[in-house]
Amino acid sequence: MDNSTGRLEQLRRAMQGAGVDALWVSYPANVRALTGFTSPDDGKVLVTPDTATLYTDSRYTVQAREESGLPQHIARPPETFKHAAEHLKGKRVGFEADHLTVAGLEDLKEYWPDAELVALRGMIQGLRQIKTEDEIAAIRAAQDLADQVFGEVRPLMVAGARERDIALEIEMRLRKAGAGNAFDIIVASGPRGAMPHGHASARVIEDGDLITVDMGAYLNGYNSDMTRTVAVGTPSDEMRRVYNAVLEAEEAAIAAVKPGVRAADLDKIARDILTGHGLGEAFAHSLGHGVGLEVHEGPGLRGTSEDVLAAGMVITIEPGAYLPDVGGVRIEDLLLVTEDGYEVLSHSPKETV
Ligand SMILES: CSCC[C@H](N)C(=O)N1CCC[C@H]1C(=O)N[C@@H](C)C(=O)O
């Protein structure tokens, strides 16, 4: 998926604002966003006011030509750096300070002695928060597949099943459909539900358990993310109360999603409701995050966030409550922020417990 043209123009405006003549892009998700190249771990991009060159090596000569509309230079370091150096003499060159390693910066200093290196943070990530139509279609397709697989596997979430077998079944069905896991599948049952990132274990599910299943499909480079907490038999009164509190918080936060809303205010809506139920301390993470080429990307929906929602963002809303040694609940939906509000992209049913 090649989104290069519009993003590059936006990026050049941002570069101008930051006072740099060129930008060396090394962070894989950003390389992919600018080029469409699907092996971005082995790619870099040099952006100047009138050129943008994809650097990769000879393993990808054909692939890069097929996938990216940008001019390409096939070489490996240090030839890559030497080639780029020709364009950079006397220039202010930005680099991605939040991802370039110390060794990577030493290389740039060695091979570009005539350039002034400028540390920049989050410039392309900021642009990636607003998805293109193609990106929205890709995320939608990933979520549709995740919904389908969740529905197929839900009947297997019963007493006697192992968490690991449920995760394996989900992964197998995703892979058969040409996708992969967006992240290690979380299947956290009974007391393990108190771990927000409780990856599937050998635990055998028991009657009365709640099971938190957090899964995403990775399809054509884009991710989805959704959590459902399901009941096996009848959970305890305490856990049913927690479930309904989390659901109330989730529904209230979703209802408030629209362009112009501060991400921190959304987090507060959910947190205040859970606090009202005595579960403020139990909500041990942020309300949500952006989703796209990465599972976790901007905007950040947390109390300290400066982000403001805008149409075209794809975000999760995922409050949770975690009671050590007792259990936990999380309910998560994937949403597209639209001009007049939101569209929920995840359609798996939420249970009444
Ligand atoms: C390792 S990917 C986990 C995907 C999951 N849906 C998710 O984003 N989670 C699970 C519970 C918390 C939340 C998370 O990791 N949030 C991050 C952004 C945080 O720092 O709060």
Side-chain angles (χ1 to χ4, degrees), residues 1-101 104-105 107-135 137-138 220-222 292-294:
M1 191 160 308
D2 187 349
N3 298 311
S4 47
T5 319
R7 284 264 161 80
L8 272 172
E9 287 320 310
Q10 291 172 335
L11 179 58
R12 287 190 174 112
R13 284 194 287 277
M15 286 164 54
Q16 210 172 14
V20 294
D21 307 304
L23 178 64
W24 181 247
V25 183
S26 58
Y27 184 53
N30 293 342
V31 170
R32 179 157 184 164
L34 293 180
T35 64
F37 181 47
T38 62
S39 299
D41 288 355
D42 294 315
K44 305 278 181 289
V45 190
L46 179 64
V47 183
T48 71
D50 38 36
T51 64
T53 307
L54 168 62
Y55 288 90
T56 186
D57 65 69
S58 53
R59 291 171 294 175
Y60 300 105
T61 307
V62 174
Q63 183 185 324
R65 199 173 48 217
E66 281 180 0
E67 293 178 344
S68 182
L70 295 187
Q72 290 137 36
H73 187 81
I74 304 294
R76 282 181 193 256
E79 293 314 312
T80 311
F81 298 128
K82 289 179 185 166
H83 180 274
E86 295 304 313
H87 306 269
L88 301 177
K89 291 194 177 100
K91 307 275 193 218
R92 280 171 58 81
V93 183
F95 65 90
E96 298 184 293
D98 32 12
H99 296 107
L100 193 71
T101 61
L105 181 57
D107 285 344
L108 300 191
K109 285 180 178 163
E110 179 182 347
Y111 290 101
W112 301 344
D114 302 323
E116 183 188 344
L117 293 170
V118 181
L120 299 174
R121 288 175 191 231
M123 186 178 273
I124 302 176
Q125 287 89 327
L127 303 178
R128 281 174 39 210
Q129 290 190 16
I130 309 291
K131 272 54 185 179
T132 65
E133 287 302 322
D134 283 353
E135 288 181 310
N220 295 324
Y222 286 83
L293 286 167
E294 297 176 282

Enquirer: Just wondering, are more than 12 heavy atoms of other shown residues or ligands nearer than 6.0 Å to CD in Q16?
Expert: no
Enquirer: Testing the basics here: between G221 and L293, what is the closest heavy-atom pair and its distance to 0.1 Å?
Expert: O-CD2, 3.5 Å
Enquirer: Below 4.5 Å, heavy atoms only, C-beta onward: do Y60 and E67 meet side chain to side chain?
Expert: no
Enquirer: Taking E116 for its side chain and G90 for its backbone only, find out whether a donor-acceptor pair lies under 3.5 Å.
Expert: no
Enquirer: Please name the residue in the list I124, L34, V118 that meets the side chain to side chain contact (heavy atoms under 4.5 Å, CB included) test with L23.
Expert: I124
Enquirer: So R12 and R7, do their side chains get closer than 4.5 Å, heavy atoms only?
Expert: no
Enquirer: Report the distance from atom OH of Y111 to atom CG of L88, rounding to the nearest 0.5 Å.
Expert: 15.0 Å
Enquirer: For the side chain of E135 and the backbone of T132, is there at least one donor-acceptor N/O pair under 3.5 Å apart?
Expert: yes
Enquirer: When you look at CZ of R121, are more than 12 heavy atoms from neighbouring residues, nucleotides or ligands closer to it than 6.0 Å?
Expert: no
Enquirer: Does T48 reach the side chain of K91, with side-chain heavy atoms less than 4.5 Å apart?
Expert: no
Enquirer: Just checking W112 against F95, ring centres under 6.0 Å apart?
Expert: no
Enquirer: Give, for atom NZ of K44 and atom OG1 of T80, the distance between the pair rounded to the nearest 0.5 Å.
Expert: 8.0 Å
Enquirer: With rounding to the nearest 0.5 Å, note down the distance linking CD1 in I74 to OG1 in T61.
Expert: 4.0 Å
Enquirer: For the CG atom of D107 and the CZ atom of F81, what is their distance to the nearest 0.5 Å?
Expert: 4.5 Å
Enquirer: Nearest 0.5 Å, what's the OH-CD distance between Y27 and E96?
Expert: 9.0 Å
Enquirer: Measure across R76 and R59 and return the closest heavy-atom pair with its distance rounded to 0.1 Å.
Expert: NH2-NE, 3.4 Å
Enquirer: What's the shortest heavy-atom distance between A119 and A97, and which atoms?
Expert: CB-CB, 3.7 Å
Enquirer: If you define the side chain from C-beta out and look only at heavy atoms, does anything of V47 sit under 4.5 Å from T53?
Expert: no
Enquirer: Would you call R32 and E294 a salt bridge, taking side-chain N to carboxylate O under 4.0 Å as the test?
Expert: no
Enquirer: Pair L54, L46 - check side-chain contact (heavy atoms from CB on, under 4.5 Å), show working.
Expert: CA-CA 7 Å; L54 168 62; L46 179 64; over 6 Å; no
Enquirer: Quick one: closest heavy-atom pair of V31 and S26, and the distance?
Expert: CG2-C, 4.1 Å
Enquirer: Quick check: do V93 and V20 have side-chain heavy atoms less than 4.5 Å from each other?
Expert: no
Enquirer: Please check this pair: side chain of D21 against backbone of R92, looking for a donor-acceptor N/O pair closer than 3.5 Å.
Expert: yes
Enquirer: When you compare the side chain of Q63 with that of T38, does any pair of heavy atoms fall below 4.5 Å?
Expert: yes
Enquirer: Could you walk me through whether V45 and N30 pass the side-chain contact (heavy atoms from CB on, under 4.5 Å) test, one step at a time?
Expert: CA-CA 9 Å; V45 190; N30 293 342; over 6 Å; no
Enquirer: Just by modelled atom types, is the E86 backbone N or O under 3.5 Å from a matching donor or acceptor in the K89 side chain?
Expert: no
Enquirer: Determine the minimum heavy-atom distance between A14 and M123, stating which atoms define it.
Expert: O-CE, 3.5 Å
Enquirer: I need the L8 CG to T35 OG1 distance, nearest 0.5 Å.
Expert: 9.5 Å
Enquirer: Which heavy atom in W24 sits nearest to a heavy atom in A84, and how many Å separate them?
Expert: CZ3-CB, 4.2 Å
Enquirer: Heavy-atom count check: over 12 atoms from other residues, nucleotides or ligands less than 6.0 Å from K82 NZ?
Expert: yes
